[in-house]
Asks: 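Quick one: structure below, then a few questions.
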Amino acid sequence: MLRYCLNLLAVVFGSGLIAAGFNLFLIPHRLLSGGVSGLSMLASYFTPLGVSPLYLLFNIPLLIAGWFQLGRRFIVFSIASVAAATWLIEMIPVTPLVSDMLLASVFGGVLVGIGCGISFRVGGSSGGFDILGSIISRHRDFPIGNVLVSLNALVILAAGYLENNWNIALASMASMYVTGRVVDLIHVSHIKVTVFIVTNRTDEMLQHLLGLQRGVTKIKTEGAYSHTEKDMLMTVTTRYELAELKRIIKESDPQAFVNILETVGILGSFRKR
């Protein structure tokens, strides 16, 4: 429960960074962030509605889709992120910290990328196209930041056309690119890891590990010094799912010996999630 609460606080903190990136860097220069937030900004520039209600409105259908595709825990954290961001966008005044559009696009992109990355690292997202990107990355083995950049191309084209100012559109593109790179630095779901677990509680551990829908190989081992027989479980997962795997191991057998190795490549069946 404590870890869950800490992760929830991390999501709220990430939402604060996202809101700060919007109101202190991007919105004052009429720049766009990526995905649903970019659509919200674009719509707010041409309608009387503010960014905050539009951001919430556009996120609702994606959160519903994610509930069925991505699991309850992921969406609960995503809902918390969207709710916190919606509130903080209203609370933080729109104040330009820099006068240069390019600086605003870069540092706004960094803040938004860190905020999104934090949400991903604890098992959630910042909503919007992040949810869509997560769904795509589970079926296609792409870095999620690259997926988000690709999805944002349509937002850029719309901005350039409607604003009739390609300087703003290109600066927004730079901001989205920076955001994508920062997200990939923090959240590396496309990287696979091999986990070796030496445990005395094999049955309990397997009961929880198999719930992750990952293959597990059971290997008989013997301690070289103690000559004690134990089981070693081997599984391959993604960095995205590693936090959940560690939690399961700690709850099932706190005394288990765990070795985690980055995997260069995989041949054969591996389910992308």
Side-chain angles (χ1 to χ4, degrees), residues 1-11 14 66-78 80 117-125 133-145 147 183-273:
M1 179 59 70
L2 177 61
R3 171 57 72 92
Y4 187 89
C5 292
L6 290 175
N7 287 343
L8 201 58
L9 287 175
V11 168
W67 181 273
F68 296 102
Q69 291 285 329
L70 302 175
R72 179 178 176 181
R73 184 176 186 273
F74 179 86
I75 294 302
V76 167
F77 280 165
S78 299
I118 289 173
S119 294
F120 276 123
R121 281 296 293 268
V122 299
S125 78
S134 294
I135 294 173
I136 293 174
S137 68
R138 288 191 175 197
H139 297 282
R140 296 289 186 272
D141 192 18
F142 298 136
I144 198 166
V147 173
V183 167
D184 276 344
L185 285 175
I186 298 174
H187 171 73
V188 281
S189 63
H190 57 287
I191 293 179
K192 310 297 182 296
V193 293
T194 300
V195 182
F196 296 94
I197 310 162
V198 180
T199 179
N200 289 319
R201 302 180 181 177
T202 304
D203 293 338
E204 183 179 351
M205 186 80 69
L206 280 174
Q207 182 179 359
H208 292 92
L209 289 179
L210 293 175
L212 296 176
Q213 297 182 343
R214 292 292 185 198
V216 181
T217 300
K218 180 178 174 182
I219 306 169
K220 288 292 183 182
T221 62
E222 180 181 329
Y225 178 76
S226 65
H227 299 289
T228 302
E229 291 188 355
K230 294 186 177 183
D231 291 319
M232 182 170 69
L233 306 177
M234 183 192 75
T235 185
V236 180
T237 186
T238 65
R239 287 287 299 272
Y240 175 79
E241 298 166 293
L242 189 56
E244 179 69 9
L245 180 61
K246 287 180 179 178
R247 183 190 64 79
I248 288 175
I249 294 171
K250 189 173 182 179
E251 290 181 357
S252 302
D253 184 5
Q255 304 302 319
F257 176 80
V258 183
N259 187 18
I260 303 171
L261 305 175
E262 186 171 316
T263 302
V264 176
I266 298 174
L267 297 177
S269 177
F270 182 82
R271 182 182 177 187
K272 301 177 178 66
R273 302 175 59 195

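Small disclaimer: the values here were computed from a predicted structure and weren't measured. Note: hydrogens, waters and symmetry copies are ignored here, and every other heavy atom, side chains too, is used.
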Asks: Flag the pair D231 / K220 as yes when at least one side-chain heavy-atom distance between them is below 4.5 Å, and no otherwise.
Replies: yes
Asks: Should N200 and K230 count as side-chain neighbours, where that means a heavy-atom distance under 4.5 Å?
Replies: yes
Asks: For E204, enumerate each residue passing the side chain to side chain contact (heavy atoms under 4.5 Å, CB included) test, keeping only those at least two apart in sequence or located in another chain.
Replies: R201, H208, S252
Asks: Look up atom CD1 in I197 and atom NZ in K218, then write down how far apart they are to the nearest 0.5 Å.
Replies: 13.0 Å
Asks: Carefully, step by step, assess V11 and I118 under the rule side-chain contact (heavy atoms from CB on, under 4.5 Å).
Replies: CA-CA 7 Å; V11 168; I118 289 173; over 6 Å; no
Asks: Would you say the side chain of V76 lies within less than 4.5 Å of the side chain of Y4, judging by non-hydrogen atoms?
Replies: yes
Asks: Who passes side chain to side chain donor-acceptor pair (under 3.5 Å) against E262, sequence neighbours left out?
Replies: none
Asks: Any idea which heavy atoms bring F77 and N7 closest together, and the distance?
Replies: CZ-CB, 3.7 Å
Asks: Would the distance check show the side chain of T263 and the main-chain N or O of T194 forming a donor-acceptor pair, the cut-off being under 3.5 Å?
Replies: yes
Asks: Looking at OG1 of T217 and CZ of F196, how far apart are the two atoms once the value is rounded to the nearest 0.5 Å?
Replies: 9.5 Å
Asks: Working to the nearest 0.5 angstrom, can you tell me the gap between E229 CD and T221 OG1?
Replies: 8.5 Å
Asks: If I take atom CG from residue N259 and atom CE from residue M232, how far apart are they, to the nearest 0.5 angstrom?
Replies: 9.0 Å
Asks: Measure across L8 and A80 and return the closest heavy-atom pair with its distance rounded to 0.1 Å.
Replies: CD1-CB, 3.7 Å
Asks: Are the side chains of T237 and V193 in touch, meaning some heavy atoms are under 4.5 Å apart?
Replies: yes
Asks: Just jot down the salt bridge (Lys or Arg N to Asp or Glu O under 4.0 Å) partners of D253, sequence neighbours excluded, or say none.
Replies: none
Asks: Using atom types as modelled and distance alone, determine if a side-chain donor or acceptor of T199 lies under 3.5 Å from a backbone N or O of A256.
Replies: no
Asks: Of all the heavy-atom pairs spanning V122 and A10, show the shortest one and how long it is.
Replies: CG1-CB, 4.0 Å
Asks: Tell me, do M205 and I249 make a side-chain contact under 4.5 Å, heavy atoms counted?
Replies: yes
Asks: Just how far is it from atom CG of L242 to atom CD1 of I260, taken to the nearest 0.5 Å?
Replies: 4.5 Å
Asks: Would one find more than 12 heavy atoms of other residues, nucleotides or ligands at under 6.0 Å from atom CZ of R3?
Replies: no
Asks: Kindly compute the distance separating CD1 (I219) from CG (L233), expressed to the nearest 0.5 Å.
Replies: 8.5 Å
